[in-house]
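We count ligands from 1, going down the list as the structure has it; atoms in each ligand are counted the same way. Throughout, numbering of the chain's residues begins at 1 and tracks the sequence.
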Amino acid sequence: MKDPKSPADTPSDELRKQLHVLADWIADFRERIEGLRVAPNDKPGAIREQLPSRAPEEGESFEKILGDVDHIIVPGMVHWGHPMFLGYFGWTSTAPGILGEILTAPLNVNAMTWRTCPAATELESVVIDWLRQWVGLSDEFGGVIYDTASVGILHALAVAREEAAPATRKLGLADRNLPQLRIYTSDQAHSSAEKAAIALGIGEENVVRIPSDAQFRIDVNSLGQKMAEDRRNGLQPMAVIATVGTTSTASVDPVGDIAKLCRETKVWLHIDAAYGGGFAMVPEYDWLRKGWELADSIVINPHKTVFVPLDFSVLYVRDLERLRRVFSLVPEYLRGDTVEAEKNYMDYGIQLGRRFRALKAWVIWRSLGRAGIVARLRGQVRLANLLAEWIKSDDRFEVSAQPSMGVVCFRFVVPTPRGDAGPGSPTPATADKLDQFNSDIVERINASGRAYLTQTKLRGRTVMRIGLGNVLTTEEHLRKGWEIVQETASTL
Ligand SMILES: Cc1ncc(COP(=O)(O)O)c(C=O)c1O
């Protein structure tokens, strides 16, 4: 480095220039994103081929690095922030979210204890509490920010395991004649349940998938029966996971009924509201919150529906001390850094080093306000319902599940000649062909770079799925997306 006073870093006037270049780059990128392909159509390895296999020996200039971002990285990306990105749970980038991320970068603290960064710790508590109030969760719940809901459920189930099999934290699972612990969730629930069971030594086969009803909600009678049957067979129900916004259809389990059952049987209730939790901020969706007051833990992903850039997930636990008891462990070399009376977030999970995630949430939530968030979520619901109407008006397609929040699942079906049995009853061979056809439509669209959607299986049949959520997606974009689906079905 050239500056003798600051040999280890870029001189500040040069950094200033680079930041201006970067500011323009970011603003230009947001402006031109619509003109980019939504997704590349390259073979695996195409990006790697353009990159040296060995790391550079000497440092390279920022200009050169940024040039490679433009020429190699950006064209090799699926642009989740593109207005025609309609896949998964339509992710979003927003200007305030970008600013929040940029602000976080120069601070670069480690928020493991209160003392290692009081502002990061206290702001984390503040934003967790804002969200709690926004979604109407009682103040019996305290929270912690993790990267993802998968990590949140792992921690929640670790506490459930400790309560079902006390002293497991200390003694582990081996040679203690513990009962076989069981976790119950619907056949529509996310695979993070099994991942957590694997990591916790409970075993993925002890996650019992309960059938869902016609609306893809867990059948509570079957749930109760299965738990009772397991008990009779000497197994021990440990937790039930109810979902508010399932991954395929965004269906909502009857959480109130599940909560009653869990209370009666003294089983931990975890609510996976990774997707649907944010919608509880919208007054007409307050029914989503039914039963939450009886839950033991609930996970919400503001990086899905409350406009915080990835990654940002909040786990709430009723009486947060239960979580601390399982994970608090202060080694000697950190003892001096902890202030007992203050919250040290390292005590609430596996992670020691923690980035300052709260800052970006604070920036975006202050920028949009509750009203701004609610208005945007309502916009997604409006678009989802509109899309469902368009689908219903084309008899080659059917809506495959009740549209829920920002999610619409639909399927190309055989056009029904008059007097025929109808699209609901194709022969198995025809249904298989239709599965392939629906999958081909999605693949063809995604390869075209014009739009991006996903596919899933419902009752064993392939359906197309659109998830709204991107703030740049307007009615015109959605209309264009729908026309691309229709056109692709015709040409195929
Ligand atoms: C219902 C549900 N739960 C949990 C998850 C896992 O979320 P994460 O990627 O934050 O681990 C997802 C992901 O889409 C999901 O849809």
For ligand 1, is any non-hydrogen atom under 4.0 Å from [X]'s backbone (N, CA, C, O), its side chain (CB onward), both, or neither?
{"X": "Thr148", "answer": "both"}
{"X": "Asp147", "answer": "neither"}
{"X": "Tyr275", "answer": "neither"}

Under 3.5 Å, N or O to N or O, is [X] touching ligand 1 that way?
{"X": "Asp272", "answer": "yes"}
{"X": "Ala149", "answer": "yes"}
{"X": "Ser192", "answer": "no"}

Among all protein heavy atoms, pick out the one at the shortest distance from [atom]; state its residue, atom name and that distance to 0.1 Å.
{"atom": "atom 7 (O) of ligand 1", "answer": "Lys304 NZ, 3.3 Å"}
{"atom": "atom 6 (C) of ligand 1", "answer": "His190 CE1, 3.4 Å"}
{"atom": "atom 16 (O) of ligand 1", "answer": "Thr247 OG1, 2.9 Å"}
{"atom": "atom 11 (O) of ligand 1", "answer": "Ser150 OG, 2.5 Å"}

Ring-ring centroid check Tyr146 His155, cutoff 6.0 Å: yes

Check: Trp482 ring centre within less than 6.0 Å of Phe397 ring centre: yes

Give the atoms of ligand 1, by number and element, whose distance to some non-hydrogen atom of [X] is under 4.0 Å.
{"X": "His303", "answer": "10 (O)"}
{"X": "Gly245", "answer": "1 (C)"}
{"X": "Ala274", "answer": "2 (C), 3 (N), 4 (C)"}

Does either side chain, that of [X] or that of [Y], offer a donor lying less than 3.5 Å from an acceptor on the other one?
{"X": "Ser297", "Y": "His270", "value": "yes"}
{"X": "Lys343", "Y": "Thr121", "value": "no"}
{"X": "Ser439", "Y": "Gln455", "value": "yes"}
{"X": "Trp390", "Y": "Gln486", "value": "no"}

Steps toward side chain to side chain donor-acceptor pair (under 3.5 Å) verdict (Asn301, Ser313): CA-CA 4 Å; Asn301 270 8; Ser313 178; 2.6 Å; yes

Donor-acceptor pair, side chain of Asn344 and main chain of Asp347, under 3.5 angstrom: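 No: the side chain of Asn344 does not pair with the backbone of Asp347.
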
Option from Leu157, Ile153, Leu200 for which side chain to side chain contact (heavy atoms under 4.5 Å, CB included) with Ile183 holds: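 For Ile183, the side chain to side chain contact (heavy atoms under 4.5 Å, CB included) test succeeds with only one of Leu157, Ile153, Leu200, which is Leu157.
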
Contact check, Phe89 vs ligand 1, heavy-atom distance below 4.0 Å: yes

